[in-house]
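Everything on this sheet refers to the single structure shown next.
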Protein chains: 2
Amino acid sequence: MPQHNATEFIKKGEKEYLHHLSIDCVLFGYHDRHLKVLLLKWKDAEKWSLPGGFIRLDENLEQAATRILNERTGLDEIFLQQFQTFGEPGRSYRSKEDVAHLSTITNAAMGPDHWLLKRTVSIGYYAVTEYSKVNPQPDHLSDECTWCEIDAVPRLIFDHNLIFSEALKALRMQIYHQPIGYNLLPEKFTLPEIHDLYETILGKALDRRNFAKKIVSLGLIKKLNERKSIGAHRSPFLYKFDKRRYDKALREGMILAF
Amino acid sequence: MPQHNATEFIKKGEKEYLHHLSIDCVLFGYHDRHLKVLLLKWKDAEKWSLPGGFIRLDENLEQAATRILNERTGLDEIFLQQFQTFGEPGRSYRSKEDVAHLSTITNAAMGPDHWLLKRTVSIGYYAVTEYSKVNPQPDHLSDECTWCEIDAVPRLIFDHNLIFSEALKALRMQIYHQPIGYNLLPEKFTLPEIHDLYETILGKALDRRNFAKKIVSLGLIKKLNERKSIGAHRSPFLYKFDKRRYDKALREGMILAF
DNA sequence: TCAAAAGTGTTCAATGTACACCCATGC
DNA sequence: GCATGGGTGTACATTGAACACTTTTGA
């Protein structure tokens, strides 16, 4: 039962969602050596936030997070990771200004007991996607939904800056224990491409030769007898993921060091 | 405002705690080469559970977890780690039997809309303590609170077996990145003692000589000019933690490999 | 022929791993 | 003197880190 507008959401949401709980998603987007994060801008204000939402009465947490991201991006089959739960009292709607603004943009009177204004504990999820084909859609409360370079994240509402930075920390930790890239690279990709991916996510330079040795020795990718033509340069070999081994590494973990 | 009995808790809790949310704690106890976990047994039944509780309206999550454990153990200054949040619909009070039993032991009529029976998302915390001086106290709903060997954990209610095993996994992961032992060992301890601690928590044998080299080379512990008398055997040297470096490693992490 | 990017291998240092003997102590 | 547990060092294998030249391509 999708809400058709913000006013309805404010009024009817009370009966459709779990109170005191929300989900915030940090969706990282990778493309061409850039790592970005999906942000929303509140209507008629310079207030930015992470995409978030509430949990339906009978929905599990991961489904809810998937739905929230799907509504903003159209993406399906997002590989989500729950990373932390944030519950400081007063973490949301601490300022009267935020409340007044919410009231204005939703055109709804909200008493202090309104369900949306109650103390809310937020479960944080993150995911990574290839962003070049995503067309971000604002939600009811926003007039903009856009990718933002992770080094240029503005001040966000509530504790969303904390949530973002914890997500980035978790992502960078995860990359040492689980494979990454299957959804971020084309089916066939070159070593320089996956090398750029790792450098971008980790935010640091990795020696080309050592990287190639390690990534190949993990056995998750295999070299093809094809090259990619990249113009006035030597043509790099193409590789593809060995899906069996990739999935095994996803399940069982691995150890990587750079 | 502590509840004095289960009936009061059932009735008045509605206004004192956040709905739809709970905290479950996995408290590991170490002593003399044994790793145990604190469990509660429901009144008049062979139903075991992890210690858990609810979050007061103005309490932060870690305070709530600390309070819950403090009520069971009297312990203060517990180093808690939030590790995962569990929210499958139907994870708690799925069976009518459980509901009926709760109703019986609390002597309270509970309709299907009772706050305790609503869908509840539980935030998992774990901690480790020295258990030999702890006198576990049952809560309102239990008639037993006791340490159980981690290899002999019985069937637990709800999804508590899952919560327990995820906590154990997280603890064993953490031990590679953060120092452990400050609260688990006496102020002065021997290398064999800390060696036993690591073997017990990890559940595997570690080479004595290599362990000593690594743990000393981390610089977190320092050798004293004292030995411990252990009867008819060579007296091992005593060590103590270097608190400054220990705290630094807690904050910044470290890397350990066994 | 030149500029730009890709491919590749070796050396050295550090770390991890396996392993065994002697020493101290109290009975 | 003996049983028990503690202390210690070495050799080898593995891994990580640093590093530079040659090849390919199209303009």
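Chain A is the first sequence line, chain B the second, and so forth, proteins listed ahead of strands; every chain is numbered from 1. For the numbers below, each heavy atom of this structure counts, side chains included, while hydrogens, waters and symmetry mates do not.
Where B/Lys214 and A/Pro192 each meet DNA chain C at their nearest nucleotide, the meeting point lying more 5' is that of A/Pro192.
Here the P atom of nucleotide C/dT8 and the CZ atom of A/Phe237 are 6 Å apart, to the nearest Å.
One finds a salt bridge joining B/Lys188 and B/Glu226 here, because a Lys/Arg side-chain nitrogen approaches an Asp/Glu carboxylate oxygen to under 4.0 Å.
The bend of the helix from C/dT1-D/dA27 to C/dC27-D/dG1, defined by the angle between the axes of its first five and last five pairs, stands at 10° to the nearest 10°.
Geometric assessment of A/Lys243 against the ring of A/Tyr182 yields a positive cation-pi assignment under the 6.0 Å and 45° thresholds.
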Subject >> Contact letters for nucleotides 19-27 of chain C, in which S counts primed atoms plus P, OP1 and OP2 and B counts the base, heavy atoms under 4.0 Å >> reply: BB--BBBS-
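If you check the side chains of A/Glu144 and A/Ser142, you find no donor sitting under 3.5 Å from an acceptor. A/Thr120 and A/Ser22 share no side-chain donor-acceptor pair at under 3.5 Å.
Between A/Tyr125 and A/Phe83, the gap from one ring centroid to the other reaches at least 6.0 Å. B/Tyr30 and B/Tyr131 have their aromatic ring centers separated by at least 6.0 angstrom.
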Original post:
Step by step, would you call A/Arg91 with A/Phe86 a side-chain contact (heavy atoms from CB on, under 4.5 Å)?
Top reply: CA-CA 8 Å; A/Arg91 54 169 288 283; A/Phe86 300 84; 4.0 Å; yes
**OP:** List the steps and the verdict of side-chain hydrogen bond (donor to acceptor under 3.5 Å, both in side chains) for A/Ser229 and A/Ser235.
**Re:** CA-CA 5 Å; A/Ser229 177; A/Ser235 309; 5.0 Å; no
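Put simply, the side chain of B/Gln137 never gets that close to the backbone of B/Arg72: no donor and acceptor are under 3.5 Å apart. Panel note: side chain A/Asp159, backbone A/Leu162; no donor-acceptor pair is recorded below 3.5 Å.
Here chain A contacts DNA chain D (any atom closer than 4.0 Å to a heavy atom, that is under 4.0 Å), and the contacts span D/dG16 to D/dG26 from 5' to 3'.
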